[in-house]
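Presented below is the structure to which this report refers.
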Amino acid sequence: MIFSEEIKGLITQAIYQLYNVSIETSQILIEPTKKEFEGDVTFVVFPYLKISKKSPVETAKQIGEIVVQSSGLISSFQAVAGFLNLSINNKVYVDAFLNPALKTSSIKPNPVLVEYSSPNTNKPLHLGHIRNILLGFSLSRILAADGNNIKKVNIVNDRGVHICKSMLAWQLFGNNETPESTGIKGDHLVGKYYVVFDAKYREQVTEMEARGISKDVAEKQAPLMLQVQEMLRKWETGDEAVLSLWQTMNGWVYDGFDITYSKLGVDFDEIYYESNTYLLGKEIVAAGLNKGVFFKKEDGSVWVDLTDEGLDLKLLQRSDGTSVYITQDLGTAKLRFDAYNFDKMIYVVGNEQDYHFKVLRLVFKKLGYPFWDKLYHMSYNMVDLPSGKMKSREGTVVDADDLIAQTIANAETLTRSMGKLDVYDDAHAQQLYHTIGMGALKYYILKVDPEKRMLFNPAESIDINGNTGPFIQYAYARIKSILRKAGNDETVKNLIHLKLDVSQIKPEEKEKELLKAVLQFDETVHEAATKLAPSLVAAYAFETAKLYNQFYHDHVVIDLEKTTTTAFRLQLSAKVASCLANALFLLGIEVPERM
RNA sequence: GGUCCUAUAGCUCAACAGGAUAGAGCAACAGUUUUCUAAACUGUAGGUUCUAGGUUCGAUUCCUAGUGGGACUGCCA
């Protein structure tokens, strides 16, 4: 809340003055006044009745009177039951708007790393990845806006059995197909062979079962499974032919991913590859063994005992000496800390890995690494479809590229039916459809609290009315339209930069609320950064857009009869536009100049 | 079995360290354009916040126990 520190200070003083009791300013709790009551800030006095030894209303009144007298900040108060509602002097808002304090924003030196996306290279990205990517990208922007030095990192799971499955299927059944020869996007082509593998493998298993072989044995002994394992072994020993195929096919996938990332408007500062990092972490495991923090079983496997932390025994290295998933993460974390000396390492990863990241932290803690508590798991929940869970086996996975294309196509249909855009040539129009379509999609996903499982309804995701991205974009475009109109008139034009004095402005109700919204921006960003919650920025943008639409409906901005009012409203509108654009920017959403 | 997440209007979501009569949007119904973009605005209706206890001035929020949904608990990643 704006001025919250000042107000808390005033209340602390009042309590001291009245009851001779000192309270820490930080202990004072204030909140925004509910809109059905008069006032801006509410102080709940119930907890202080023991000190005041008066009724709730009496206490509220006493404190209210002192607060109003002692500062120009508060213009009046209302005591309703135990609630002290304070009205902030309108002039204070106006002054804060007209004469903004210079931001002393300094960037913290140690970087914050945000890891997101983390794809496998055996199939294209899907809706689940989109939630991950949008959250990660938005979070990086929010944290950057809050004064952090951000490094966006991606770790690509580019090796392993799953990759070999696509490779083998392509080798056996691919007829040398390439993205060029087929016109299929690289990641989709590789994904196609992953599916082919599964189909052929199932055939083999079924056929073996028909010959009386048990399912278990068939699944392990099917020729394709044996071939895949052989291929993986060859990969690990550096077999040239396998490595070459691997590089080629991964190359196709990266070309495909790049297109998807680009359409989503996201990027990375550094990309790590699991093929480079999967061997890391072994020294960490060895060091842990030496220290006696880990232990070795008779078969040679290495474990850590986390039962004292409420978890279980956890495997860190296989009996044959090879790494498991977490070993790699141990190594990568240390690698990154050595490279960046990060202040925070934020992993944007689905909540199915909550346990994994708990273990990761605790292992470092037990080892005494200084950065164990700088590791954060930004956990997000799954995305469901109206038909239920997404299941790749049942083909109900929503493909990222399809979704993006549909969203944009829908934006085009709707925009054309509005018929407002004759001024745009084709290229501009296409860009606008992209802006609006992606605005709808991104907002739809980011407005939901990451912790919550969310339902993805394709029909609603492309909505443009109500609590949606395009609604906010529309408010922005309307303001730009006003500003264009103002810019075309010589006398009005100058009003945009006219220096106004506090005493000239008496804001109307909606104007006051817009002032509050504008002044609230930085704090919203800070809160979103602290809580790792893009949804707060989304809510802010929606509220502000809604307020502006109401204001727009009730008032005329450009009125040649009233230059002061026009100047103020133009300046306020411009500021609202920039707040909306900035808020959407933090969500990775672009704004249109008209729509 | 154990651990964790989750449950709010018909639907999708809010509700900031516990605060006033639990709010938005969609869908439904009824209105508002000679005016800067109606992709907008206004109104009506819609709730025992999963259940039962507890903590206190006050609980959607915290605690306990259930129930529904989900995840994890692999020498998979």
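Here is the naming used below: chain letters follow the sequence lines, and residue numbers restart at 1 for every chain. Keep in mind the model is a prediction, meaning the values are calculated, not measured.
Evaluation of the side chain to side chain donor-acceptor pair (under 3.5 Å) test over residues 122-131 of chain A, restricted to residues two or more places apart or in two chains, returns none. Within the structure, salt bridge (charged side-chain N to carboxylate O under 4.0 Å, His left out) contacts touching residues 536-547 of chain A (residues at least two apart or in different chains) are A/E543-A/K546. Counting only residues at least two apart or in different chains, side chain to side chain donor-acceptor pair (under 3.5 Å) contacts with residues 154-166 of chain A comprise A/N120-A/N157, A/N154-A/Y261, A/D158-A/S275, A/R159-A/E236, A/R159-A/E274. Residues in residues 379-390 of chain A take part in these side chain to side chain donor-acceptor pair (under 3.5 Å) pairs, two or more places apart or across chains: A/N132-A/Y380, A/N351-A/N381, A/D354-A/S379, A/D384-A/R453.
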Atom pairs and distances, side-chain donor-acceptor, residues 528-541 of chain A, under 3.5 Å, sequence neighbours left out:
unit_1: A/T530; atom_1: OG1; unit_2: A/H526; atom_2: O; d: 2.7
unit_1: A/K531; atom_1: NZ; unit_2: A/E527; atom_2: OE2; d: 2.9
unit_1: A/Y540; atom_1: OH; unit_2: A/A517; atom_2: O; d: 2.7

Name the atoms and distances for all side-chain donor-acceptor pairs under 3.5 Å in residues 310-319 of chain A, with sequence neighbours left out.
unit_1: A/R318; atom_1: NH1; unit_2: A/T322; atom_2: OG1; d: 3.0
unit_1: A/R318; atom_1: NH1; unit_2: A/S323; atom_2: O; d: 3.0

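Using a 4.0 Å heavy-atom distance criterion, A/E543 is classed as making no nucleic acid contact. Residue A/T42 is in base contact, counting any heavy-atom pair closer than 4.0 Å across all strands shown. Counting non-hydrogen atoms under 4.0 angstrom, A/E527 reaches the backbone sugars and phosphates but no base. No contact: A/P56 has no heavy atom under 4.0 Å from any strand. As judged by a 4.0 angstrom heavy-atom cut-off over every strand, A/F46 is placed among the base-contacting residues. When heavy atoms are screened at a 4.0 angstrom cut-off, A/K510 is found touching no nucleic acid atom at all. Within the nucleic acid shown, A/E274 comes within 4.0 Å of sugar-phosphate atoms alone, with no base atom in reach, counting heavy atoms only.
Helical stems in RNA chain B, defined as runs of 3 or more consecutive Watson-Crick or G-U wobble pairs with both donor-acceptor distances under 3.5 Å, are listed by first residue as B:1-7 with B:67-73, B:10-13 with B:23-26, B:28-32 with B:40-44, B:50-54 with B:62-66.
Annotation: side chain of A/I130 is not in contact with side chain of A/L125 (no heavy-atom distance under 4.5 Å). Looking at A/M378 and A/V349, their side chains never come closer than 4.5 Å, going by heavy atoms from C-beta outward. Using a 4.5 Å heavy-atom threshold, the side chains of A/F197 and A/V228 count as touching.
A/Y548 does not carry A/R478 over the face of its six-membered ring by the limits of under 6.0 Å from the centre and within 45° of the normal. Under a cutoff of 6.0 Å and an axis angle of 45°, A/K297 and A/W303 form a cation-pi pair.
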### Task
Could you check A/N467 against A/Y443 for side-chain hydrogen bond (donor to acceptor under 3.5 Å, both in side chains), going step by step and ending with a plain yes or no?
CA-CA 9 Å; A/N467 189 356; A/Y443 186 87; 2.5 Å; yes
### Query
Which is it for A/Y19 and A/Q62 under the side-chain hydrogen bond (donor to acceptor under 3.5 Å, both in side chains) test, yes or no, and what are the steps along the way?
CA-CA 10 Å; A/Y19 314 121; A/Q62 285 188 319; 2.7 Å; yes
### Task
Report the C-alpha separation of A/S87 and A/D40 in whole Å, then their side-chain angles, then the decisive distance to 0.1 Å, and conclude whether the side-chain hydrogen bond (donor to acceptor under 3.5 Å, both in side chains) test is met.
CA-CA 5 Å; A/S87 296; A/D40 299 301; 4.8 Å; no
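In this structure, CE of A/M390 is placed 13 Å from P of B/A71, rounded to the nearest angstrom. Atoms CG (A/L232) and P (B/A77) sit 10 Å apart, rounded to a whole Å. Atom CG in A/N381 sits roughly 10 Å away from atom P in B/A7 (whole-Å rounding). Going from atom OH of A/Y48 over to atom P of B/C57 covers 15 Å, rounded to whole Å. For A/R159 and B/C76, the CZ to P distance is 11 Å, given to the nearest whole Å. Rounded to a whole Å, the CD atom of A/E451 is 14 Å from the P atom of B/C4. Atom CG of A/L446 is separated from atom P of B/A14 by 12 Å (rounded to the nearest Å). Between the OH atom of A/Y325 and the C1' atom of B/A77 there is a distance of 6 Å, given to the nearest Å.
With C1' as the reference atom, B/C76 and B/C16 are 40 Å apart, rounded to whole Å. Nucleotides B/A14 and B/U60 place their C1' atoms 11 Å apart, quoted to the nearest Å. For B/G31 and B/A17, the P atoms lie 44 Å apart once the distance is rounded to whole Å. B/G69 and B/U61 have their P atoms separated by 22 Å, given to the nearest Å. Across B/G46 and B/U21, the matching C1' atoms stand 16 Å from one another, rounded to whole Å. Rounded to the nearest Å, the gap between the C1' atom of B/A9 and that of B/A24 is 11 Å. One P atom belongs to B/A20, the other to B/C62, and the distance between them is 16 Å to the nearest Å. For B/C4 and B/G43, the P atoms lie 45 Å apart once the distance is rounded to whole Å.
Residues satisfying the ring-ring contact (aromatic ring centres under 6.0 Å, His included) criterion with A/F83, sequence neighbours excluded, are A/F46. With sequence neighbours excluded, the residues forming a ring-ring contact (aromatic ring centres under 6.0 Å, His included) with A/Y444 are A/F456, listed by chain and number.
On a pure distance criterion of 3.5 Å, a polar donor-acceptor pair joins the side chain of A/N85 and the base of B/A20.
Side-chain N/O atoms of A/K531 include one lying less than 4.0 angstrom from OP1 or OP2 on B/A17. Remark: A/K35 is not in phosphate contact with B/A22, judged by side-chain N or O atoms under 4.0 Å from OP1 or OP2. Put simply, A/K389 has a side-chain N or O that comes within less than 4.0 Å of OP1 or OP2 on B/A71.
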Would you tabulate the pairs of protein nitrogen or oxygen atoms and nucleotide nitrogen or oxygen atoms of nucleotides 60-67 of chain B closer than 3.5 angstrom?
none

Extract from the structure each pairing of a protein N or O with an N or O of nucleotides 10-13 of chain B at less than 3.5 Å, listing the distance.
unit_1: B/C13; atom_1: OP1; unit_2: A/L455; atom_2: N; d: 2.6

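Comparing A/M382 and A/K314 by the nucleotide of RNA chain B whose heavy atom lies nearest to each, the residue mapping closer to the 5' end is A/M382. Both A/N351 and A/S26 sit near RNA chain B, but only A/S26 has its closest nucleotide nearer the 5' end.
A stacked arrangement is assigned to A/F37 and the six-membered base ring of B/A20, with a centre-to-centre distance below 5.5 Å and an interplanar angle below 30°.
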### Query
When you check every protein heavy atom under 4.0 Å of nucleotides 29-41 of chain B, what one-letter string (B, S, -) results, 5' to 3'?
------BBBSBSS
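Glycosidic torsion of B/U42 falls outside 90° of 0, placing the base in anti.
Between atom OG1 of residue A/T566 and atom NZ of residue A/K562 there is a gap of 8.0 Å, rounded to the nearest 0.5 Å.
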